[in-house]
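Note that the coordinates shown come from a computational prediction; the quantities given were computed from them, not determined experimentally.
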Amino acid sequence: MTAATTPGHGPLSGVRVVELAGIGPGPFAAMLLADLGADVVRVDRPGGVALGVDPEYDVTNRNKRSVLVDLKAPDGPARVLDLVERADILIEGNRPGVTERLGVGPGPCHARNPRLVYGRMTGWGQDGPLAQRAGHDIAYIALTGTLGMIGSPGEPPPAPANLLGDYAGGSLYLVVGVLAALHHARVTGIGQVVDAAIVDGTAHLSAMIHGMLAAGGWQDRRAANLLDGGCPYYGTYETADGKHMAVGALEPRFYAEFVDLLGLADFADARRDRTRWGELREAVAARFRSRTRDEWTDVFAGTDACVAPVLSLREAPHHPHLAARGTFTEHGGITQPAPAPRFSATPTSVRGGPALPGADTSDVARDWDVPRLVDDVEDADRETPRRVLENPQ
């Protein structure tokens with residue numbers, strides 16, 4: 001079943017993955033597997049997906065290949081099952097029951113390939129009262145208590161993009177799950193279903209906080225704790241030019257260096273004195289407002305005060321540290337995060353740009369020995385969307 005290992009493609013070289021096209025956490029999880037070297041074949045649908053990014057710029061589809069299959073066509077499920085028979089992992093992000101109705105649920109897939117790891121990515125999970133409800137990242141993290149931890153107490157909690165739910169609580173847990181299940185399948189020959197729900201993963205991310213809450217070391221309200229902005233030496237401050245600096249001077253020696261470099265020696269003993277935290281915050285804020293972000297960056301450069309400038313998305317790739325490490329890379333004219341983490345023996349890379357829907361059908365049919373994929377491929381190519389615009393439902 002497993003393809004031959006290709007040197008230089010990462011630790012998952014030789015692993016075959018079928019991804020049923022979707023949005024958000026599913027594609028990101030499949031990108032991570034592809035970055036690690038897996039041969040990921042994305043099954044795109046005619047007409048694209050709602051909320052889709054222009055395929056030429058959707059870097060979550062890098063390092064993948066794409067075939068075009070209409071799962072609602074009479075022979076659509078059979079084409080996908082041909083791929084499944086030769087795959088190690090399948091990833092789908094539909095509402096519970098959708099792939100079953102389409103004929104590519106766990107039952108038919110495991111009948112064709114008992115070793116298959118069937119990864120399911122949803123917000124609410126495969127069961128529970130909300131399982132069939134629509135939703136997005138912000139609603140999932142709202143119910144878990146994590147959104148309610150963020151922001152100032154006098155304002156609504158801010159939306160943290162879709163990083164906390166979709167990608168941290170969703171994609172990364174799906175990847176951990178399917179890789180663990182893949183290990184089990186290779187040891188036992190038995191595949192299984194992995195139910196990765198964003199509500200489960202996001203709740204799991206807050207494990208340490210729940211421990212602190214139980215121990216009385218965390219207050220269940222915003223901006224009242226050590227790590228949520230309640231502490232004046234762990235947070236962000238505006239500078240003279242309207243930009244910001246981030247401060248994380250938690251330990252005593254880091255705090256001592258922090259107040260020294262700020263010129264606030266009078267507050268050397270205020271670290272543990274919560275009665276002085278309001279006064280300390282005002283003093284720190286006033287000092288940061290006295291200089292620009294770049295000036296403060298120079299002040300704290302080379303120190304252990306744990307202070308850093310808050311950079312924008314376009315600024316970040318040019319930071320000397322990130323540039324030296326190659327944290328960002330450019331491929332096909334698109335600046336993007338490089339694959340992570342890093343491996344000493346099986347290095348990863350961006351091997352190809354975003355897979356365009358249906359563009360790799362012939363190659364996949366040959367490499368995976370699935371000749372049925374190329375039936376009527378010319379008709380499918382005529383339906384291939386070259387640019388998918390936002391189409392919210």
Query raised in the report: Same cluster for Val307 and Leu227 if Ile/Leu/Val/Met/Phe/Trp/Tyr side chains link at under 4.5 Å?
Result: yes
Query raised in the report: Are Tyr234 and Phe267 joined in one hydrophobic group, where the rule is that I, L, V, M, F, W and Y side chains link up if heavy atoms are under 4.5 Å apart?
Result: yes
Requested in this report: Without swapping roles, check the side chain of His319 against the backbone of His321 for a donor-acceptor pair under 3.5 Å.
Outcome: yes
Query raised in the report: At what distance, to the nearest 0.5 angstrom, does CG of Asp195 lie from OH of Tyr118?
Result: 12.0 Å
Query raised in the report: With distance as the sole test, does Arg42 use its side chain to make a donor-acceptor pair with the main-chain N or O of Leu20 at under 3.5 Å?
Result: no
**Report entry** Flag, side chain of Tyr233 to backbone of Glu251, donor-acceptor distance under 3.5 Å
**Finding:** no
Query raised in the report: Going through the distances and angles, do Thr202 and Tyr173 end up as a side chain to side chain donor-acceptor pair (under 3.5 Å)?
Result: CA-CA 9 Å; Thr202 307; Tyr173 278 85; over 6 Å; no
Requested in this report: State whether Glu238 and Lys243 are salt-bridged, where the test is any N-O pair (Lys NZ or Arg NE/NH1/NH2 against Asp/Glu carboxylate O) under 4.0 Å.
Outcome: no
Query raised in the report: Which of parallel (below 30°), tilted (30 to 60°) and perpendicular (above 60°) describes Tyr140 and Trp124?
Result: perpendicular
Query raised in the report: CD1 of Ile91 to CE of Met121: how many Å apart, nearest 0.5 Å?
Result: 9.5 Å
Query raised in the report: What's the verdict on side chain to side chain contact (heavy atoms under 4.5 Å, CB included) for Ile23 and Val53, showing C-alpha distance, side-chain angles and the deciding distance?
Result: CA-CA 9 Å; Ile23 61 172; Val53 178; over 6 Å; no
Requested in this report: Calculate, to the nearest 0.5 Å, the distance between atoms NE2 and CD1 belonging to His110 and Ile190 respectively.
Outcome: 10.5 Å
Requested in this report: Spell out, as yes or no, whether a donor-acceptor pair under 3.5 Å connects the side chain of Thr346 to the backbone of Phe343.
Outcome: no
**Report entry** Donor-acceptor pair between Arg62 and Gln336 side chains, under 3.5 angstrom
**Finding:** yes
Report task. Just do the salt bridge (Lys or Arg N to Asp or Glu O under 4.0 Å) check on Glu315 and Arg293 with the steps written out, would you? Result -> CA-CA 13 Å; Glu315 290 175 316; Arg293 185 191 67 180; 2.8 Å; yes
Query raised in the report: Are Leu226 and Val284 co-members of a hydrophobic cluster defined by side-chain heavy atoms under 4.5 Å apart?
Result: yes
Query raised in the report: Side chains of Asp39 and Trp368: donor-acceptor distance under 3.5 Å anywhere?
Result: yes
Query raised in the report: Would you say Glu19's side chain and Ala21's backbone share a donor-acceptor pair under 3.5 angstrom?
Result: no
Requested in this report: Could you go through the side chain to side chain contact (heavy atoms under 4.5 Å, CB included) check for Ile89 and Arg16 one step at a time?
Outcome: CA-CA 7 Å; Ile89 298 169; Arg16 283 178 168 174; over 6 Å; no
Query raised in the report: Should Asp44 and Ser66 be marked as a side chain to side chain donor-acceptor pair (under 3.5 Å) after you check the CA-CA gap, both sets of side-chain angles, and the distance that decides it?
Result: CA-CA 7 Å; Asp44 277 296; Ser66 170; 2.6 Å; yes
Requested in this report: Report, as yes or no, whether the 6.0 Å neighbourhood of atom CG on Asp298 holds more than 12 heavy atoms from other residues, nucleotides or ligands.
Outcome: yes
Query raised in the report: Would you call Asp367 and Arg65 a salt bridge, taking side-chain N to carboxylate O under 4.0 Å as the test?
Result: yes
**Report entry** Backbone N/O of Gly353 and side chain of Lys64: donor-acceptor pair under 3.5 Å
**Finding:** no
Query raised in the report: Would a hydrophobic clustering, with Ile, Leu, Val, Met, Phe, Trp and Tyr connected at side-chain separations under 4.5 Å, put Val299 with Phe254?
Result: no
Requested in this report: Could you tell me whether Asp82 and Arg112 make a salt bridge, using a distance below 4.0 angstrom between a side-chain N and a carboxylate O?
Outcome: yes
Report task. Would you confirm whether Asp369, through its side chain, and Ala365, through its main-chain N or O, come within 3.5 Å as a donor-acceptor pair? Result -> no
Query raised in the report: Between Glu100 and Arg120, is there a side-chain N and carboxylate O pair less than 4.0 Å apart?
Result: yes
Query - Whether over 12 other heavy atoms sit under 6.0 Å from Leu313 CG - result: no
Requested in this report: For atom CZ of Arg133, decide whether the heavy atoms of other residues, nucleotides or ligands shown that lie under 6.0 angstrom number more than 12.
Outcome: no
**Report entry** Spacing of OG1 belonging to Thr348 relative to CG belonging to Asn63, to within rounding of 0.5 Å
**Finding:** 8.5 Å
Query - Under 3.5 Å donor-acceptor, Asn113 side chain and Val84 backbone - result: yes
Query raised in the report: Which atom pair, heavy atoms only, marks the closest approach of Leu90 to Cys109?
Result: CD1-SG, 4.4 Å
**Report entry** Under 3.5 Å donor-acceptor, Arg351 side chain and Ala34 backbone
**Finding:** yes
Query raised in the report: Once you round to the nearest 0.5 Å, how far does CD1 of Ile198 lie from OH of Tyr167?
Result: 9.5 Å
Query raised in the report: Is any side-chain N of the basic residue among Asp70 and Lys72 closer than 4.0 Å to the acidic one's carboxylate O?
Result: no
Query raised in the report: So, Thr292 and Asp294: side-chain donor and acceptor under 3.5 Å apart, yes or no?
Result: no
Requested in this report: Indicate, with yes or no, if Phe288 and Leu250 share a hydrophobic cluster defined by side-chain heavy-atom contacts under 4.5 Å among Ile, Leu, Val, Met, Phe, Trp and Tyr.
Outcome: yes
Requested in this report: State whether the side chain of Asp166 and the backbone N or O of Pro25 hold a donor-acceptor pair below 3.5 Å, judged by distance alone.
Outcome: no
Query raised in the report: What orientation do Phe258 and Tyr255 show, parallel under 30°, tilted 30 to 60°, or perpendicular over 60°?
Result: tilted
Query raised in the report: Say you draw a straight line from NE2 of His9 to OG of Ser349; how long is it, rounded to the nearest 0.5 Å?
Result: 6.5 Å
